[in-house]
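Take this structure, written in structure tokens, and hold onto it; I'll ask about it next.
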2 protein chains.
Amino acid sequence: MATGRTHRPATRSRGIPEATVARLPLYLRALTALSERSVPTVSSEELATAAGVNSAKLRKDFSYLGSYGTRGVGYDVEYLVYQISRELGLTQDWPVVIVGIGNLGAALANYGGFASRGFRVAALIDADPAMAGKPVAGMPVQHTDELEKIISDNGVSIGVIATPAGAAQQVCERLVAAGVTSILNFAPTVLSVPDGVDVRKVDLSIELQILAFHEQRKAGEEAATEAALAAAAERDTAAESPADGAVDGAASRKGPDGDVPAVMPA
Amino acid sequence: MATGRTHRPATRSRGIPEATVARLPLYLRALTALSERSVPTVSSEELATAAGVNSAKLRKDFSYLGSYGTRGVGYDVEYLVYQISRELGLTQDWPVVIVGIGNLGAALANYGGFASRGFRVAALIDADPAMAGKPVAGMPVQHTDELEKIISDNGVSIGVIATPAGAAQQVCERLVAAGVTSILNFAPTVLSVPDGVDVRKVDLSIELQILAFHEQRKAGEEAATEAALAAAAERDTAAESPADGAVDGAASRKGPDGDVPAVMPA
DNA sequence: CAATCTTTGTGCACGCGTTCACAAAGACAT
DNA sequence: ATGTCTTTGTGAACGCGTGCACAAAGATTG
């Protein structure tokens with residue numbers, strides 16, 4: 001999982017487990033594809049394969065929503081699309097603002113997947129005065145000064161932060177103060193928010209690091225014969241002189257721009 | 001969690017739980033920040049706060065790596081940076097290729113967070129002949145025809161897919177055939193890969209849908225008095241005529257572009 | 001050297017999520 | 001109407017992840 005929830009008690013929302021909620025969009029996507037091909041019904045087995053999950057898991061997930069299937073037949077595609085959409089709150093319009101119109105912010109603004117699922121980009125906001133008025137994705141960028149007014153005028157409750165890490169917390173606080181209660185954070189920082197505000201984060205660098213871990217492990221297992229012994233020996237050696245080895249290793253790792261430097265697509 | 005793992009038995013990699021691996025990058029980020037401020041040591045409590053997790057969890061996570069702390073004092077920042085970097089495989093250079101240089105692909109190419117953590121963008125690849133040779137992030141875009149050669153010449157084992165959904169599976173297969181064993185997928189599709197290949201996915205739309213679910217729930221709880229009763233009644237009514245209600249609802253949901261339409265930053 | 005104080009490392013219990021496996025339900029054929 | 005066959009819905013068991021709470025370890029002070 002690339003994304004992680006921040007804060008939040010293990011409370012179940014209306015009885016639907018968090019893990020199930022996270023999978024509903026997957027089912028919805030697969031179902032919509034079937035719907036477009038005018039497939040009337042689908043079995044849990046078929047749908048599970050299309051969504052990339054186990055069929056038992058899918059059935060249990062659906063059981064939290066109610067009994068929408070027909071034994072011996074499967075699920076009615078159109079009906080299920082509707083039920084899941086409703087459960088996810090996609091039958092209503094969700095205005096969102098994107099703050100930080102750098103490379104990533106612009107890419108998000110152009111992302112077609114939002115509009116097609118009930119999300120409407122209400123405004124693009126950036127702190128750079130030079131950006132103000134510039135059209136991005138057919139929409140003029142507005143200055144941060146307008147943030148509060150935009151939020152309240154449009155009744156925005158979902159905000160997307162695509163600013164550099166250094167600006168994220170401040171932007172977050174302004175969004176929350178203005179009434180935003182759900183935030184999707186692309187900045188590589190931990191955001192602290194008051195209770196009642198949901199934060200989900202997407203960190204591109206973290207995903208790659210997790211892949212690197214497994215990649216390294218795979219490489220290590222390949223040469224699992226004598227190489228494994230050599231590696232272990234080397235590791236032990238390095239571990240013997242903590243401070244010294246660390247300084248060396250850490251220094252070589254810190255790149256030109258360090259690490260934290262509020263990097264970000266920007 | 002915006003990202004989810006695809007396939008993969010619940011095997012522990014060298015004894016380190018997957019959940020712990022996913023948090024290591026968080027700790028690393030917090031530690032690097034401390035390192036830059038020349039903080040020599042840090043307690044589990046402080047570091048946990050900085051990383052946005054519980055201190056007991058952090059200590060348990062570190063215990064899987066070994067006993068790197070000193071009781072009564074805390075952890076040596078530099079040493080821990082080194083150990084975690086090594087564990088994640090960041091002490092070596094990882095060449096990556098980005099396939100699909102649309103808005104998102106370009107944003108990723110410009111993302112500074114990659115280079116600073118040992119990831120080197122070896123090539124940008126796009127299927128559009130018009131893109132070939134165009135410089136993006138100071139690097140010429142190469143045509144898909146070169147994919148196999150690029151992978152093998154650079155020893156690339158990690159690939160990033162930022163193509164439209166329709167092209168993702170095909171690109172994935174070519175990457176895997178060419179030797180890539182880890183894939184970060186931004187296309188809104190389920191990729192099927194052979195055993196031994198890791199896939200992590202990042203889906204922007206899914207994250208928003210999960211936020212919408214909770215947002216809807218919050219809104220519902222606010223008006224939890226009589227409104228709740230009304231809503232429940234309405235829901236029951238809708239549920240009574242499955243097929244009919246479904247057609248209506250689903251139809252109104254399918255936007256102009258449908259849903260699956262291989263949308264994507266592109 | 002002894003006493004105290006801080007902080008780590010971890011045993012243990014609990015709860016969530018996953019998976020198995022099967023009974024119940026309905027479609028369909030005879 | 002009866003029987004067969006398919007597929008759902010779910011009870012139960014298991015395993016992973018989380019958090020508590022504390023003993024052990026070491027620093028620090030007198």
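Chain identifiers are assigned alphabetically (A, B, ...) following the order of the sequence lines, protein sequences preceding nucleic acid strands; residue numbering begins at 1 within each chain. In this text the structure is predicted, and so the values were computed from the model without any measurement. No hydrogens, no waters, no symmetry mates; every other heavy atom, side chains included, goes into these values.
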Applying side-chain contact (heavy atoms from CB on, under 4.5 Å) to Val96(A) and not counting sequence neighbours gives Phe119(A), Val121(A), Ile158(A)
By side-chain contact (heavy atoms from CB on, under 4.5 Å), Thr49(B) pairs with (sequence neighbours left out) none
When rounded to whole Å, the NZ to C1' distance for the pair Lys57(B) and dC16(D) reads 13 Å
B/S/- along nucleotides 4-13 of chain D (protein heavy atoms under 4.0 Å) is --BBBBBBB-
Here the distance between atom P of dT10(C) and atom CG of Leu58(B), to the nearest Å, is 14 Å
Residue set satisfying ring-ring contact (aromatic ring centres under 6.0 Å, His included) with Phe62(A), at least two apart, ordered chain then number -> Tyr27(A), Tyr75(A)
With sequence neighbours left out, the residues meeting salt bridge (charged side-chain N to carboxylate O under 4.0 Å, His left out) with Arg23(A) are Asp61(A)
Taken to the nearest whole Å, CZ/Arg23(A) to C1'/dC16(C) is 11 Å
side-chain contact (heavy atoms from CB on, under 4.5 Å) filter on Ser43(A), not counting sequence neighbours, yields Glu45(A), Glu46(A)
